[in-house]
**Student:** 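First, the structure itself, so that you have it in front of you.
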Amino acid sequence: MNHTANEEHEKLNFIEQLVEEDLKTKKHYGRLLTRFPPEPNGYLHIGHAKSICLNFGLALKYGGKTNLRFDDTNPEKEETEYVESIKHDIKWLGFEWSEELYTSDYFEQLYDFAVILIKKGLAYVDDQTAEQMAAHKGTPTEPGTLSPYTSRTVEENLDLFTRMRAGEFAEGEKTLRARIDMTSPNMHLRDPLMYRIKKDHHHRTGDKWCIYPMYDFAHGQSDSIEKITHSICTLEFEVHRPLYDWYIKQLEIYPSQQTEFARLNLNYTVMSKRKLLKLVQDRYVSGWDDPRMPTISAMRRRGFTPEAIRNFCDTIGVARRENVIDFGLLEFCVREHLNKIALRRMAVIDPLKIIIANFEEGKNEILSAENNPEDPEAGNREMIFTREIFIEHEDFMENPPKKFFRLAPGGYVRLKNAFIIKCDEVIKDDAGKVTQLNCTYVPESRSGHDTSGISVKGVLHWVSATENITAEVRLYDRLFTVENPDNQEKEFLHYVNPDSLKILNKAYIEKHFALDSIDSKFQFLRLGYFCFDKDSTPQHLVFNKTVGLKDSWAKISS
RNA sequence: UGACCGAUGGUGUAAUGGUAACACAGCAGAUUUUGAUUCUGUCAUUCUAGGUUCGAGCCCUAGUCGGUCAACCA
């Protein structure tokens with residue numbers, strides 16, 4: 001690190017600039033309080049991670065705080081299961097909220113706010129059906145017309161609203177609306193709904209309420225009640241801002257301020273909760289945490305690290321234009337972190353047997369191997385070299401092209417951390433498939449003590465055929481075959497990648513894995529980064545491929 | 001065919017009236033007992049047309065393209 005070069009000033013996104021300006025002008029007496037407001041009706045995904053990193057990151061950077069507020073105003077969709085998973089994901093990402101709050105905590109206060117608006121003549125009870133209301137609402141190009149119920153008196157409205165709360169009316173029979181402007185070009189200002197009747201059991205308030213506030217009548221006031229200084233949300237809420245401001249102004253409460261940014265889009269995946277739920281329900285994936293999903297829980301299971309995800313969110317930036325981030329950038333961030341911390345191990349996932357003719361049968365030669373060349377403190381481990389070993393099938397070619405510097409008939413190659421071997425004979429089955437290689441090794445080529453004078457270009461990973469452990473390995477590819485599964489001719493489900501999961505039942509891994517912690521991150525040498533799946537048992541190890549190594553040979557050879 | 005928002009290399013993000021930069025991807029090379037990592041080099045950018053200004057990616061006007069808005073969802 002060059003500490004003298006800090007004059008080079010840091011890139012601030014537009015929200016950081018706004019916050020710095022507000023802090024400087026003491027707009028909120030120099031205070032900063034953000035909030036992350038998920039609706040507990042699904043699992044968090046990488047798009048939420050962007051919002052989490054933004055909201056919590058701002059507070060961390062500028063000495064503020066962040067509340068976690070569950071936006072639970074719709075009893076029919078929300079569940080405690082989701083509350084728990086959301087809390088777990090935020091903690092796992094490495095953030096701590098100041099207060100854990102629920103919009104439902106404010107139901108009584110919101111009710112009082114509604115009464116205030118009724119008394120000011122700014123809200124009325126409407127008896128119209130949803131259809132009638134839609135007809136009066138107009139369209140974006142035509143103004144709406146007044147509801148026939150706007151003429152009710154304050155007393156009448158107060159009475160009706162009280163009786164709504166008391167459960168005297170059926171669902172859909174009555175609503176409470178704000179009286180604003182039916183001709184506004186902004187549809188959200190055309191007498192928006194404040195309350196609807198819903199006789200549902202709420203995950204926290206039980207059966208106490210039968211009227212529930214709409215998002216617009218709850219969100220801004222909740223921010224205001226908590227004295228949130230900066231209420232950050234995604235672009236589609238921009239048209240809601242005049243209403244957000246209107247409620248705060250009419251109620252004369254704390255002026256929280258909403259700022260919008262563009263949500264994250266990633267190619268080769270979908271991000272809407274509805275679509276993710278569909279993938280789960282229709283069994284395209286095994287669950288919300290299927291490692292192919294873009295959810296936080298799936299990424300955790302797949303072996304992505306919080307550091308990598310945070311760094312990704314930092315790298316993509318924050319702006320107001322629509323964007324589609326390349327999935328490859330996320331993978332880059334994951335590799336970047338895993339390269340530093342992953343333990344190097346050897347595993348052969350598509351084995352080809354080699355018999356080393358001049359190596360004594362039954363002999364075990366103990367070799368030393370670095371656990372992580374990027375981290376000297378990670379130390380070394382022992383590997384067992386034997387007469388029979390496995391190498392990767394694709395590391396041998398009978399008729400290799402010019403630039404192939406792995407094993408070929410008559411050729412030499414180094415076995416990583418072991419010896420140089422020479423391929424003497426190729427054994428095939430009746431179908432002509434290569435089933436075994438007979439080789440000889442160069443005894444004086446032992447790694448670290450090589451006096452053979454032979455130089456080889458290729459270095460292969462290997463596992464003893466007699467001293468090993470077997471394991472299941474799950475390989476993942478992108479979930480969809482097209483960059484943008486939304487906006488295709490057919491429904492998104494038609495574009496699910498049929499090869500997004502490959503299960504290899506019998507991979508051979510080095511014995512040292514028996515000593516490794518379940519939480520470890522691994523690099524299978526020359527194959528990629530892997531981690532234990534939660535399905536693992538001591539008798540049956542299961543690995544997930546987190547992400548492959550950058551593979552320039554794959555590019556050359558294709 | 002209304003209102004609002006947006007438009008900078010292939011993808012993202014900076015530059016806040018004064019030399020268009022950074023990351024990823026791509027390409028070329030060096031190092032390498034991982035075809036990894038690391039390092040070096042390189043390609044490539046201001047939607048269009050007017051205007052203001054000594055000077056415009058930035059300000060103004062018009063157009064083009066893209067997004068959002070008409071749930072008793074959030």
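Note that the structure is a prediction, hence the values are computed from the model and not measured. The sequence lines fix the lettering, A, B, ..., with proteins before strands; numbering per chain opens at 1.
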**Student:** Backbone N or O of A:A369 within a donor-acceptor pair of the A:N417 side chain at under 3.5 Å?
**Tutor:**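 Flag not set: sc A:N417 to bb A:A369 has no pair under 3.5 Å.
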**Student:** Check the interface with nucleotides 1-5 of chain B: list each N/O to N/O pair with the protein under 3.5 Å, or write none.
**Tutor:**
unit_1: B:G2; atom_1: N3; unit_2: A:P140; atom_2: O; d: 3.2
unit_1: B:C5; atom_1: O2'; unit_2: A:R320; atom_2: NH2; d: 3.3

**Student:** Please state the C1' separation for the pair B:C54 and B:G17 - nearest whole angstrom.
**Tutor:** 12 Å
**Student:** Does the B:U34 base have a donor-acceptor partner in the side chain of A:R526 within less than 3.5 Å?
**Tutor:**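 Looking at the base of B:U34, it does not pair with any donor or acceptor on the side chain of A:R526 (distance under 3.5 Å).
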**Student:** Using modelled atom types only, decide if a donor and an acceptor are shared between the side chain of A:R381 and the backbone of A:R344 within a distance under 3.5 Å.
**Tutor:** yes
**Student:** Answer with base, sugar-phosphate or nothing: what part of the nucleic acid does A:A130 contact at a heavy-atom distance below 4.0 Å?
**Tutor:**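 The answer is base, as A:A130 lies within the cut-off (heavy atoms under 4.0 Å) of a base atom.
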**Student:** With sugar-phosphate meaning primed atoms plus P, OP1 and OP2, does A:S447 contact a base, only sugar-phosphate, or nothing at under 4.0 Å between heavy atoms?
**Tutor:**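 The answer is base, as A:S447 lies within the cut-off (heavy atoms under 4.0 Å) of a base atom.
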**Student:** Under 4.0 Å between any heavy atoms, over every strand shown, what does A:K403 touch: base, sugar-phosphate, or nothing? Just pick one.
**Tutor:** base
**Student:** Under the rule for ring pair (Phe, Tyr, Trp, His ring centres under 6.0 Å), what residues qualify as partners of A:Y441, not counting sequence neighbours?
**Tutor:** A:F359, A:F419
**Student:** What would the secondary structure line of RNA chain B be in dot-bracket form, counting Watson-Crick and G-U wobble pairs under 3.5 Å, with [ ] for pairs that cross earlier ones and | for pairs with another strand?
**Tutor:** .((((((..((((....[..)))).(((((.......)))))....(((((..]....))))))))))).....
**Student:** Could you tell me whether A:Q523 contacts a base, only the sugar-phosphate backbone, or nothing, with contacts defined as non-hydrogen atoms closer than 4.0 Å?
**Tutor:** base
**Student:** Looking at the side chain of A:K137, which of B:U37, B:A70, B:U68 is the nearest nucleotide?
**Tutor:**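 From the listed options, B:A70 comes nearest.
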**Student:** Say we look at B:U37 and B:A44: how far apart would their C1' atoms be, to the nearest angstrom?
**Tutor:**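 B:U37 and B:A44 have their C1' atoms separated by 27 Å.
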**Student:** Okay, side chain of A:R190, backbone of A:L146: is any donor-acceptor separation there less than 3.5 Å?
**Tutor:**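 Here the side-chain-to-backbone pair does not exist.
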**Student:** Name the nucleic acid region contacted by A:V456, choosing base, sugar-phosphate or nothing; use a 4.0 angstrom heavy-atom cut-off, strictly under.
**Tutor:**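 Touches nothing.
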**Student:** Can you list everything that forms a salt bridge (charged side-chain N to carboxylate O under 4.0 Å, His left out) with A:R414? Sequence neighbours excluded, please.
**Tutor:** A:D450
**Student:** Is any side-chain N or O of A:R196 closer than 4.0 Å to OP1 or OP2 of B:A74?
**Tutor:**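 For B:A74, OP1 or OP2 has a side-chain N or O of A:R196 closer than 4.0 Å.
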**Student:** Determine yes or no for a side-chain-to-main-chain donor-acceptor pair under 3.5 angstrom, with A:E78 supplying the side chain and A:N74 the backbone.
**Tutor:** yes
**Student:** Is it true that A:R35 and A:E226 make a salt bridge, defined as a side-chain N closer than 4.0 Å to a carboxylate O?
**Tutor:** no
**Student:** If you check the A:N339 side chain, which of B:C73, B:C69, B:U37 turns out closest?
**Tutor:**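 Side chain of A:N339 sits closest to B:U37.
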**Student:** Would you tell me whether A:N372 and A:E374 have side-chain atoms, one donor and one acceptor, within less than 3.5 Å of each other?
**Tutor:** no
**Student:** What residue pairs, at least two apart or across chains, pass ring-ring contact (aromatic ring centres under 6.0 Å, His included) with a residue in residues 164-195 of chain A?
**Tutor:** A:F161-A:Y195, A:H188-A:H240, A:Y195-A:F217
**Student:** Could you give the distance separating B:U45 and B:U8 at their P atoms, to the nearest angstrom?
**Tutor:**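 Taking atom P in both B:U8 and B:U45, they lie 14 Å apart.
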**Student:** Taking OP1 and OP2 of B:A74, is either one under 4.0 Å from a side-chain nitrogen or oxygen of A:T73?
**Tutor:** yes
**Student:** Using a cut-off of 4.0 Å on non-hydrogen atoms, how would the nucleic acid contact of A:F405 be classed: base, sugar-phosphate, or nothing?
**Tutor:**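 Contact class for A:F405: base.
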**Student:** Can A:W553 be classed as stacking with the base of B:G35, given a centroid separation cut-off of 5.5 Å and a plane angle cut-off of 30°?
**Tutor:** yes
**Student:** Do we see a donor-acceptor contact under 3.5 Å between the side chains of A:H136 and A:S147?
**Tutor:**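 Absent: no donor and acceptor within the cut-off.
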**Student:** Scan A:S184 against the nucleic acid and name what it touches under 4.0 Å (heavy atoms): base, sugar-phosphate only, or nothing.
**Tutor:**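 The answer is nothing, as A:S184 stays clear of every strand by at least 4.0 Å.
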**Student:** Given the P atoms of B:G10 and B:G6, what is the spacing between them in whole Å?
**Tutor:**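 Pairwise P distance, B:G10 against B:G6, rounds to 23 Å.
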**Student:** Which value, in whole Å, describes the distance between the P atoms of nucleotides B:G67 and B:C58?
**Tutor:** 24 Å
**Student:** Taking atom P of B:G10 as reference, at what distance in whole Å does atom CG of A:N267 sit?
**Tutor:** 16 Å
**Student:** Would you indicate which nucleotide in B:U34, B:G35, B:U13 comes nearest to any side-chain atom of A:S552?
**Tutor:** B:G35
**Student:** Taking the six-membered ring of A:Y124 as reference, does the cationic atom of A:R152 (NZ for Lys, CZ for Arg) lie under 6.0 Å from its centre and within 45° of its axis?
**Tutor:** no
**Student:** Indicate yes or no for a side-chain donor-acceptor contact from A:T269 to the backbone of A:L266 under 3.5 Å, with no hydrogens or angles considered.
**Tutor:**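 Flag not set: sc A:T269 to bb A:L266 has no pair under 3.5 Å.
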**Student:** Counting only side-chain heavy atoms from C-beta out, which of B:G12, B:A74, B:G67 sits nearest to A:E322?
**Tutor:** B:G67
**Student:** Kindly point out which of B:U68, B:G6, B:G35 is positioned nearest to the side chain of A:E236?
**Tutor:** B:U68
**Student:** Take the protein atom OH of A:Y244 and the nucleotide atom P of B:C69, then report the distance between them rounded to whole Å.
**Tutor:**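 My rounded result for the distance is 20 Å.
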**Student:** Please state whether the base of B:G35 and the side chain of A:R406 form at least one donor-acceptor pair under 3.5 Å?
**Tutor:** yes
**Student:** Please work out if A:H188 contacts a base, only the sugar-phosphate, or nothing of the nucleic acid, heavy-atom cut-off 4.0 Å.
**Tutor:**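 Result for A:H188 = sugar-phosphate.
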**Student:** For nucleotides 20-31 of chain B, list the nitrogen or oxygen atoms of the protein found under 3.5 Å from its nitrogen or oxygen atoms, one pair per line.
**Tutor:**
unit_1: B:G26; atom_1: OP1; unit_2: A:K555; atom_2: NZ; d: 2.5

**Student:** Give a yes or no answer on whether the side chain of A:S231 reaches the backbone of A:Q258 with a donor-acceptor pair at less than 3.5 Å.
**Tutor:**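 Looks like no, no N/O pair under 3.5 Å.
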**Student:** Looking at A:F543, A:W462, A:Y529, which hits ring-ring contact (aromatic ring centres under 6.0 Å, His included) with A:F524?
**Tutor:**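 Only one option passes, and that is A:F543.
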**Student:** For A:F14 and A:D216, take the nucleotide of RNA chain B holding the closest heavy atom to each; which residue's nucleotide lies nearer the 5' end?
**Tutor:** A:F14
